[in-house]
Amino acid sequence: MTAIEPDILSPKFFEDPNAVLEVMREDYPVVYHEATQAWLISRYDDVERAFKDKAFTSKNYEWQLEPVHGRTILQMEGRDHSAHRNLIAPAFRGSELTAKFVPVIAANARDLIDGFRTDGKVDLVDQFTIRFPINVIVDMLGLDKSDHERFQKWYHSIMMFLSNLTGDEEVMAQGLQTKDELESYMMPIIAQRRADPGDDLLSTLCTAIIDGEQMTDLEIKAFVSLLLVAGGETTDKAMSNMMMNLIANPDQLQAVRDDRSLIDNAFAETLRHSPPVQMIMRQPEEDVEMHGVTIPAGSTVTCLIAGANRDPRHYADPDKFDIFRDDLDVSKAFSGAANHTGFCLGRHFCIGAMLARTEVDIATNQLLDAMDDVAFDGLPPTPEGVFTRAPKSMPLTFTPTGP
C-alpha cells in the first residue's frame with residue numbers, strides 16, 4: 001500500500017490535494033470513499049465519461065442542491081432541461097450579454113477598484129474577488145444595490161451548505177435558514193416584476209414562456225439561489241487563483257499585461273491547473289463498470305475534476321502553470337467542446353461560462369490598468385478548501401498608475 005490513502009477528507013488532501021490525486025489516478029482510479037458514501041474517480045477519460053455518458057445523471061442534486069436551492073435546471077434532463085436552458089442562455093452570451101450586462105460588469109469592477117486604486121496595497125480576495133461577481137449578479141437581476149452585503153452573507157451560507165462533506169448539522173441548519181430568508185426576500189419582488197417587468201434578468205425570468213407556461217415563483221427563486229453560487233463561486237475563486245498563478249509567474253504576468261488577449265489563456269489554464277470547483281457529483285442510472293469495478297446504479301460518483309485536469313495522459317507537465325501550453329485549446333475552453341473539466345462537460349456544461357469569461361476579462365483589464373509592479377505582500381498565499389479551493393486572503397502591493 002502507498003503511504004498516501006485516497007481520502008478526500010484527510011489533512012493531506014486539505015494541505016496538498018494534487019499529491020493525493022496523483023496517487024489516486026495511478027493506484028486507485030475507482031475507489032469507494034466510506035466517509036462520503038461515494039465512488040471517487042480521478043482520471044480525465046473517466047470524468048469525461050461521467051459528464052457525457054447518459055448512464056450518468058444529475059439526480060444526486062435532489063439531495064445535494066434541492067434542500068437549499070429548491071429544484072433547479074441542474075436537476076432537469078431531456079426536453080425540460082433544454083427548454084429551461086434555451087430560455088436562460090441568451091442572457092449569458094452573445095449580443096444580450098454584451099449590450100445589457102457588460103456595462104454592469106464594468107461599473108462594478110470600477111467601483112470596487114476605486115476603493116483601493118491609490119492605496120498601493122490591497123487584499124485582492126477580501127476587497128475584490130469575493131465581492132465582484134455577487135455584486136454583478138445582484139445588479140443583473142435588477143435588485144437593490146444596498147443589498148450587496150446581504151447577498152454576500154447568503155452566498156457564503158449556501159456555499160458552506162454545498163461543501164459540507166462531513167455533514168455538520170450547524171452548517172446545514174444555517175443553509176436551510178438562508179433558503180427561507182432568500183425566499184421571503186424574493187417572493188414580493190417576483191410578484192412586482194410579473195406585474196411591472198423591467199429590462200433586467202429577473203424580469204426576463206418572470207415573463208418568459210416555456211412550453212406554454214411561465215416559470216413558477218419557486219422555480220425563479222431557485223434559479224436566483226443557484227445563480228448566486230454558480231455565478232459567484234466560479235468567478236470569485238477562478239479570479240483569485242488566476243491572479244495568484246500570474247503573480248507567481250512574473251514572466252507570464254508581463255506577457256498578459258503586454259497582450260490582453262492572453263487573459264483568455266490565463267483563465268483557461270487556471271480552470272485546468274487550479275479549478276475553483278474541485279469536484280462534481282453524478283449518479284448512474286444503471287450499473288456502470290470502470291477499471292474492473294462495478295459502480296452500482298443509484299450510487300454517488302464524485303468526479304474529481306482537479307485530478308482529471310492534471311492527468312499526464314492528457315497534458316504534458318500537468319503540474320506546471322503555463323498559459324502558452326499547446327495541449328489546452330483556448331479557442332474552445334469556454335464552450336461545451338472544451339478539453340478541460342473546469343466547467344464540466346456535456347449537456348450540463350456551465351451555462352454561465354461566457355459570463356464568467358466576460359467578467360474575468362473586464363476585471364483583469366481594469367486591475368492591470370490600475371496596478372503596476374504587482375507583488376505578494378509577504379509569502380505567496382496558500383489555497384484552502386476541499387470542495388472548492390482558492391486563497392482566502394491575498395495581500396498585494398502595487399504601484400498605482402494614476403488617480
Side-chain angles (χ1 to χ4, degrees), residues 89-117 122 124-143 145 148 151-152 155 199-201 227-228 230-247 252-271 274 276 323 330-331 333-335 342-343 350-372 374 390 394 396 398 400-403:
F92 296 98
R93 65 181 183 222
S95 59
E96 188 167 342
L97 173 61
T98 301
K100 291 175 66 173
F101 299 126
V102 161
V104 173
I105 296 167
N108 274 284
R110 185 171 56 252
D111 288 348
L112 287 170
I113 293 171
D114 283 348
F116 57 83
R117 188 183 299 275
V122 62
L124 194 66
V125 173
D126 181 63
Q127 293 175 253
F128 190 82
T129 61
I130 200 171
R131 301 177 184 278
F132 170 59
I134 300 301
N135 292 0
V136 167
I137 288 166
V138 171
D139 291 356
M140 285 177 67
L141 290 165
L143 302 174
K145 285 181 178 291
H148 281 179
F151 274 90
Q152 288 287 338
Y155 160 65
D199 193 33
D200 52 77
L201 178 58
L227 187 59
L228 276 179
E233 189 74 358
T234 301
T235 307
D236 159 18
K237 287 183 165 52
M239 276 211 70
S240 299
N241 289 346
M242 186 183 80
M243 292 301 295
M244 175 185 65
N245 290 334
L246 287 174
I247 295 168
Q252 297 187 59
L253 174 60
Q254 189 60 48
V256 172
R257 188 180 288 280
D258 293 341
D259 178 1
R260 301 300 176 83
S261 70
L262 292 175
I263 293 172
D264 273 355
N265 296 58
F267 187 26
E269 174 65 348
T270 294
L271 290 169
S274 318
I323 66 173
V330 176
S331 69
F334 310 102
S335 74
F343 277 137
C350 178
I351 196 171
M354 290 304 297
L355 172 63
R357 178 192 186 188
T358 303
E359 289 178 316
V360 168
D361 180 72
I362 290 172
T364 305
N365 268 294
Q366 290 198 27
L367 287 168
L368 294 179
D369 287 344
M371 305 190 303
D372 206 356
V374 182
M394 196 186 309
L396 303 176
F398 63 92
T401 59

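Taking every heavy atom of both residues into account, A238 and F267 meet most closely at CB-CE1, 3.5 Å. For the residue pair F132 and A363, the shortest heavy atom distance occurs at CE2-CB, 3.6 Å. Shown here for A255 and L262, the closest heavy-atom pair between the two residues is O-CD1, 3.6 Å. Among all heavy-atom pairs drawn from I362 and A106, the shortest one is CG2-CA, 3.8 Å. Across every non-hydrogen atom of K237 and P276, the tightest pair is CB-CB, 3.4 Å.
Partners of F151 by ring-ring contact (aromatic ring centres under 6.0 Å, His included), not counting sequence neighbours, listed by chain and number: W154, Y185. Under the side-chain hydrogen bond (donor to acceptor under 3.5 Å, both in side chains) criterion, D139 pairs with N108, K145, H148, sequence neighbours left out. Listed by chain and number, the residues in a salt bridge (charged side-chain N to carboxylate O under 4.0 Å, His left out) with R260 are D369 (sequence neighbours excluded). Residues passing the side-chain contact (heavy atoms from CB on, under 4.5 Å) test with A266 are M242, L246, V256, I323, sequence neighbours excluded. Under the rule for a side-chain contact (heavy atoms from CB on, under 4.5 Å), the partners of D258 that lie at least two apart in sequence or sit in another chain are Q254. A search for side-chain contact (heavy atoms from CB on, under 4.5 Å) contacts involving A107 returns R110, not counting sequence neighbours. Remark: E359 engages no residue in a salt bridge (charged side-chain N to carboxylate O under 4.0 Å, His left out) (not counting sequence neighbours). Residues that satisfy the side-chain hydrogen bond (donor to acceptor under 3.5 Å, both in side chains) test with D114, not counting sequence neighbours, are R117. Not counting sequence neighbours, the partners of D199 by the salt bridge (charged side-chain N to carboxylate O under 4.0 Å, His left out) test are K100. With sequence neighbours excluded, the residues forming a side-chain hydrogen bond (donor to acceptor under 3.5 Å, both in side chains) with R131 are E149, listed by chain and number. Judged as a salt bridge (charged side-chain N to carboxylate O under 4.0 Å, His left out), and not counting sequence neighbours, the contacts of D264 are R357. Residues passing the side-chain hydrogen bond (donor to acceptor under 3.5 Å, both in side chains) test with N241: none are found, sequence neighbours excluded.
Note that CD of Q252 and CG of N245 are 8.5 Å apart. Values are rounded to the nearest 0.5 Å. Here the straight-line distance linking atom CZ of F398 with atom CG of L367 works out to 9.0 Å at 0.5 Å rounding. Atoms CE and OG1, on M243 and T364 in that order, are 6.5 Å from each other to the nearest 0.5 Å. The distance from atom CG of L368 to atom CZ of R257, rounded to the nearest 0.5 Å, is 5.0 Å.
In this structure, T129 and M394 have side chains that are not in contact, with every pair of non-hydrogen atoms separated by 4.5 Å or more. At a threshold of 4.5 Å between non-hydrogen side-chain atoms, the residues D111 and N135 do not count as touching. Considering only heavy atoms from C-beta on, F101 comes within 4.5 Å of L201 through its side chain. At least one side-chain heavy atom of L355 sits less than 4.5 Å from a side-chain heavy atom of M140. F334 places a side-chain heavy atom less than 4.5 Å from the side chain of L271. Side-chain contact between I113 and F116 is present, with heavy atoms from C-beta onward closer than 4.5 Å. Annotation: side chain of D200 is not in contact with side chain of L141 (no heavy-atom distance under 4.5 Å).
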